[in-house]
Each structure stands twice: as C-alpha cells, then as structure tokens.
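FYI, the numbering just counts along the sequence from 1.
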Amino acid sequence: MDSKNVPDGSRRNALKAGLTASALAALSLTAINSASANTSGDTKHDLAILNAALDLENQAIWAYGVAAGKLSNSKVGNVIKSLALRNQADHIKHRDIFISTIKSLGGTLVAAKSAYDVSAYIKAGEGNLDSDANIAKLALALEVDAVLAYASAVGKLKTPALIAAGLTILPDESAHAAAIRAVLGTLDATIHAVPDAQLSKETRSQWILAV
C-alpha cells in the first residue's frame, strides 16, 4: 500500500486539537465550580463514571502500545503503526483530562493495569495480534466499543459541564474508528470509512470488521 493513498489527517488533527481544548476548558470550569454545581451525591455519582472512562482510556493506551510493538516493518505495518500512535496520543490526552478532573473533584483515581484482557474480541473474530490487518481490526473493535461506552456514560452524568465535555471527546473516539476503517479501505475498496449514518449498538456489526 502506497502511503500517498492514505487520507490526509491535517484537517482531522486540527479538529481534534479543538475538541481537546474544548474538553479541557469545560472540565476546568467544572473543577472550579464543583462545590456549587454538584451535590455531594451527584459528585460521587459522576466520579464513578469518570473513573470508568479513565479505565477505558488506560486500556486503549495499553492496547495501542502492545499493537505498535507487534506490527511489521512493511508499508502496511508502518502506516497502521503511524495511525495507532496518533490514536494512542489522543487517548493519553483524554486520560490526562480525566485524571485532572477526578483529582479536582476530590476523587480517588482508578489504577492503570499492567495488562488488559482482549481475548473476548479475538475469540469473537473481531481482530487478533497475528497480522497487521488483524491488529487494525482489533483496534477498530476497541474504538467502536469505546464510542458506545462513552455515549452511555455521557447520558448518565449529572453535571452539565461534564456532559458538555464528554460530548466533545465522543466525536474523537468515533473519528478513530473511521480513520482505522479508512486505512483498511486502501487495502479493500469495499471497506468504507463510515459504513452507517449511526454508530450504535444496533449498527455495531456494520462497523466491526471480522478476521
């Protein structure tokens, strides 16, 4: 695969930078006004959701780190590795946002694990670690489920500023999934970056690519 066929990410990177800045601004506002914005019960409730999101980001950072180390040095492998490292960098930014916010609200951070279990995805045929393409498919499945998890979590938050911030991070997770599909689409023209107008539990099977 020639790297010139890979979609230009400059506009996407600019958009992501704006989304991250918006999230930081919203979360900083939440930290400043947390005492008046939340009751203690609401704060405790939202902290549990924020920690769940933090754990999700820790898993993504770990997964991309493992994947990057297993990709080949071929053109395909290097293109996928470049995308994997960009996506991982986004997850690191998200992680840092959640760490800062949880601390500002007086919460205790969930600890990052040394390893995470992705065997369910492998058993379901939704990716593997045995080839460049299958590693990309595994990353895709993880990103798709991250979108679904974020969508569910945002709907359960009680603090308006946190909801606004969550809605700025959510599109970035969707962009990761679309970007992976776009790269795989250069190998298989039948793979479209956005296979459905919605990414939901009902359309998950259309976004996932089987091994």
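Nearest heavy-atom pair across Val147 and Leu170 is O-CD1, 3.5 Å. Across all their heavy atoms, Ile208 and Ala141 have their closest contact at CD1-CA, 3.4 Å. Ala67 and Ile135 make their closest contact through CB-CG2, 3.4 Å (heavy atoms, listed as atom of the first residue, atom of the second, distance). Scanning both residues, His176 and Asp90, for their nearest heavy atoms gives NE2-OD2, 2.7 Å.
Applying the 4.5 Å side-chain rule to ILVMFWY residues, one finds that Val211 remains a lone member of its cluster. Through direct or indirect side-chain contacts shorter than 4.5 Å among Ile, Leu, Val, Met, Phe, Trp and Tyr, Ile61 is connected to Ile92.
Contact of the Thr159 side chain with the Leu157 side chain is not registered, since no non-hydrogen atoms from C-beta on lie closer than 4.5 Å. At a threshold of 4.5 Å between non-hydrogen side-chain atoms, the residues Leu47 and Ile102 count as touching. Residues Lys81 and Leu85 form a side-chain contact, since some pair of their non-hydrogen atoms from C-beta on lies under 4.5 Å apart. Residues Ile163 and Leu167 meet the side-chain proximity criterion, which asks for heavy atoms closer than 4.5 Å. Gln59 has its side chain out of reach of Asp55: every pair of non-hydrogen atoms, C-beta onward, lies at least 4.5 Å apart.
Applying the side-chain hydrogen bond (donor to acceptor under 3.5 Å, both in side chains) criterion to Glu57, with sequence neighbours excluded, gives His91, His94, Tyr150. Under the side-chain hydrogen bond (donor to acceptor under 3.5 Å, both in side chains) criterion, Ser114 pairs with no residue, sequence neighbours left out. Every side-chain hydrogen bond (donor to acceptor under 3.5 Å, both in side chains) that Ser72 has, sequence neighbours left out, goes to Ser74, Asp132.
Between Glu126 and Arg204, at least one side-chain N (NZ, or NE/NH1/NH2) sits under 4.0 Å from a carboxylate O, which counts as a salt bridge. Salt-bridge formation is not detected for the pair Lys93/Asp172: no Lys NZ or Arg NE/NH1/NH2 atom is positioned less than 4.0 Å from an Asp or Glu carboxylate oxygen.
Of the inter-residue distances, the one linking Asn134 atom CG with Ile122 atom CD1 reads 9.5 Å to the nearest 0.5 angstrom. Between the CG atom in Asn51 and the CG atom in Asn58 there is a gap of 9.5 Å [rounded to 0.5 Å]. In this structure, the separation between OG on Ser131 and CD1 on Ile80 is 8.0 Å, given to the nearest 0.5 Å. In this structure, OG on Ser104 lies 12.0 Å from CD1 on Ile99, to the nearest 0.5 angstrom. Atoms CG and NZ, on Leu162 and Lys156 in that order, are 15.5 Å from each other to the nearest 0.5 Å. Rounding to the nearest 0.5 Å gives a distance of 12.0 Å between NZ of Lys75 and OG1 of Thr186.
Using a distance-only test at 3.5 Å, with no hydrogens or angles considered, no donor-acceptor pair links the side chain of Thr203 to the main chain of Asp196. Not a single donor-acceptor pair under 3.5 Å links the side chain of Thr101 to the backbone N or O of Phe98. At distances below 3.5 Å, not a single donor-acceptor pair connects side-chain atoms of Lys158 with backbone N or O atoms of Thr43. Side-chain N or O atoms of Arg181 include one that pairs as donor or acceptor with a backbone N or O of Trp207 at under 3.5 Å. In this structure, Ser82 contributes its side chain and Val79 its backbone to no donor-acceptor pair below 3.5 Å.
Applying side-chain contact (heavy atoms from CB on, under 4.5 Å) to Leu140 and the options Leu138, Leu142, Val144 leaves one that passes, Val144. Tested against Tyr64 for a side-chain hydrogen bond (donor to acceptor under 3.5 Å, both in side chains), the candidates Glu143, Arg86, Gln88 yield a single pass: Glu143.
Legend: ring pair (Phe, Tyr, Trp, His ring centres under 6.0 Å) pairs involving residues 115-143, not counting sequence neighbours, sorted by first then second residue: Trp62-Tyr116.
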Working for side chain to side chain contact (heavy atoms under 4.5 Å, CB included), residues Leu50 and Leu105: CA-CA 10 Å; Leu50 292 174; Leu105 295 175; 3.9 Å; yes
Derivation and outcome, side chain to side chain donor-acceptor pair (under 3.5 Å), residues Ser200 and Gln198: CA-CA 6 Å; Ser200 63; Gln198 289 184 315; 4.6 Å; no
